[in-house]
Amino acid sequence: MNSMRVRFAPSPTGYLHIGSARTVLFNWLLARKHGGRFILRIEDTDRSRHVEDSVQKILDDLRWLGMQWDEGPEVGGNCGPYFQSQRLDIYNRYVDQLLHSGHAYYAFETPEELEAMRARAKAEGRTAAYIRPDPLPTIEQGQAARAAGMAVVVRLATPALDITVEDDILGAVTLAAGQVEDFVIQKSDGWPTYHFACVVDDELMNITHVLRGQEHLMNTPKHMALQRALGFSTPRYAHLPVIFNMDGSKMSKRDKEKALKKGEPPPEIDVHDFRVAGYLPEAVLNFIALLGWSPGDDREFFDLGEMTQAFSIGRVGKTNAKFDREKLLSFNTTWATRVASDRLLAAFKDYLAVNVANQSTIAPIMLAQPDSILREVLRICAGFRTLADIVTKAGFIFLPDESIEYAPEAVKKVLAKNDNAGFKMLEDLLPKLEALPEWSAAPIDALLATVCEEKQLRMGAVAQPLRVAVSGTTISPAIGETLALLGREPSVIRIRQSLRLR
RNA sequence: GCCCCCUUCGUCUAGUGGCCCAGGACGCUGGAUUCUCAGUCCAGAAACAGGGGUUCGACUCCCCUAGGGGGUACCA
């Protein structure tokens, strides 16, 4: 009857990182797989690191991915509040409990003293730096010091016992007695540390399985020590391998600034970046699922339902992975052909919408088009890798005719070369196009094929000049489809204006 | 420094002592298709970190070395 409850507990310090997204996904899958509950908790105990609006951004990214939570911000639940900043009184009660049961004590060391302890520990080759005072300060002394304005913290009196974490991914990991020092559970500003708040909340929110990044592995013995001191139960733990850049460095927001400084396009790091760059959540999810997990057979493509079916914690690996953007791109390309057309349309509109806020000129114009037109664009651009490719390939169709910019190299190579062969072709084509009875892809293509045949030319000799004339570049969807969607009037206008370049 | 985790093609991985002179996918190389870009199709190259054991037999088990990563905060 004790059903599975998992949680994702981000700090509101920015957008949702792609690595965190995988942690979310695995938690979500675990909950769905076992009919459990997925809880979202905001760990905002460090006021100084709090970033404005980041909670909203994280919620938004989670929803974009389809990682809806069963309890947490905006949906409520029986174990709230789900913001740690609203749970201070709860933490304080448990700190008091520990203080009175003798499991914790007040401590007064200054940063300098602590630094000296660390230096000495290092010199002596010890892991734990903090040396427990003897005798311990009494509760009265601690409270008096605090009342006097001193910087006072509360530390856990860590028992001298080996602690073994039974990790569902890594197996048994034992930390010897003495390796865990008397760490701080309550900061001098009165707020609990991460360790303390986390343990209290996991207990009070009845969390049964903690699935988190491997950077937390060494925290787990601390959490277990805390659970024992508080009389709490210990959830099952599993620590996920870490995800790195291809060069082995950590994927961090700073990568974006670095690339910008070098004049390179910034890499996608946060979930939101991938959304803005034109990736489908289906592809992102599918790709990150395979970073550390595999179904055990040769299947590679999974939607959330299929993933839930196939997922198990036992098939999660132990080794760190590198984030191969080429493979993600390939997944996105494939997913764009796998999703239903309504879904693709919705995804494309979402892409345009987030890019409207991103100072794109074409995005708002395209977003204003009726669905029927956007569907047509999607159809003639089939084969695109990201949604952004659609805009670069077909966006010119929606620009005002007069704002088409003609790339000099394209004009030179396709229109002017060989004694203005391209220009001559356009002059020849213009009246024929104007006279065409029906303006749609098939008759346009038929006309062009006829011209090719008459002049004994390859299709490129007729399609390329037209392409440059209407788009200003050498890249567009198939020429018949392009002219058809553009419309006869604009096509003619653009051909005429390109002729003036001669 | 100390503690902990990890180690199969460039990358993500399959492989739980013989089915493996190691399979799939991305990427790469070559070819095909085409009006550009993209896509699609076919073919190919490409790995068990090194050294010791254990065993009739090791990618698979043990040890050591090397390499990579995480932690070592009044951050989470």
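Here is how names work: the chains are called A, B, and so on, in the same order as the sequence lines, proteins then strands, and each is numbered from 1. Remember, predicted model here, so these are calculated numbers, not experimental data.
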>> Could you work out, with salt bridge (Lys or Arg N to Asp or Glu O under 4.0 Å) as the rule, every residue matching A:Glu115, not counting sequence neighbours?
In response: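 A:Arg118.
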
> Who pairs with A:Lys57 by salt bridge (Lys or Arg N to Asp or Glu O under 4.0 Å), at least two apart in sequence or on another chain?
Replying inline: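 None.
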
>> For nucleotides 59-69 of chain B, give me one character per nucleotide, 5' to 3': B if any protein heavy atom sits under 4.0 Å from the base, S if the only such contacts are to the sugar-phosphate, - if neither.
In response: ----------S

>> Does the protein touch nucleotides 20-30 of chain B at the base, only the backbone, or not at all? Give it as B, S and - per nucleotide, heavy atoms under 4.0 Å.
In response: ----BBBS---

Hey, what are the protein-to-nucleotides 40-47 of chain B N/O distances that come in under 3.5 Å?
none

> Rounded to the Å, how far apart are A:Met251 CE and B:rG70 C1'?
Replying inline: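 Answer to the nearest Å: 18 Å.
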
OP1 or OP2 of [N] less than 4.0 angstrom from a side-chain nitrogen or oxygen of [X], does that happen here?
X	N	value
A:Thr193	B:rC74	no
A:Thr45	B:rA76	yes
A:Lys187	B:rC75	yes
A:Lys318	B:rC6	yes
A:Arg315	B:rG15	yes

Within the 4.0 Å heavy-atom criterion, would you say [X] contacts the bases, only the backbone, or no part of the nucleic acid?
X	value
A:His195	base
A:Gly292	sugar-phosphate
A:Lys322	sugar-phosphate
A:Thr474	base

>> So, using side-chain hydrogen bond (donor to acceptor under 3.5 Å, both in side chains) as the criterion, who are the partners of A:Asn286 when residues are at least two apart?
In response: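 Once residues adjacent in sequence are excluded, the partners of A:Asn286 under the side-chain hydrogen bond (donor to acceptor under 3.5 Å, both in side chains) criterion are A:Trp335.
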
>> Quick check on RNA chain B: between A:Ala9 and A:Ala461, whose nearest nucleotide comes earlier from the 5' end?
In response: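 On the 5' side of the pair lies A:Ala461.
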
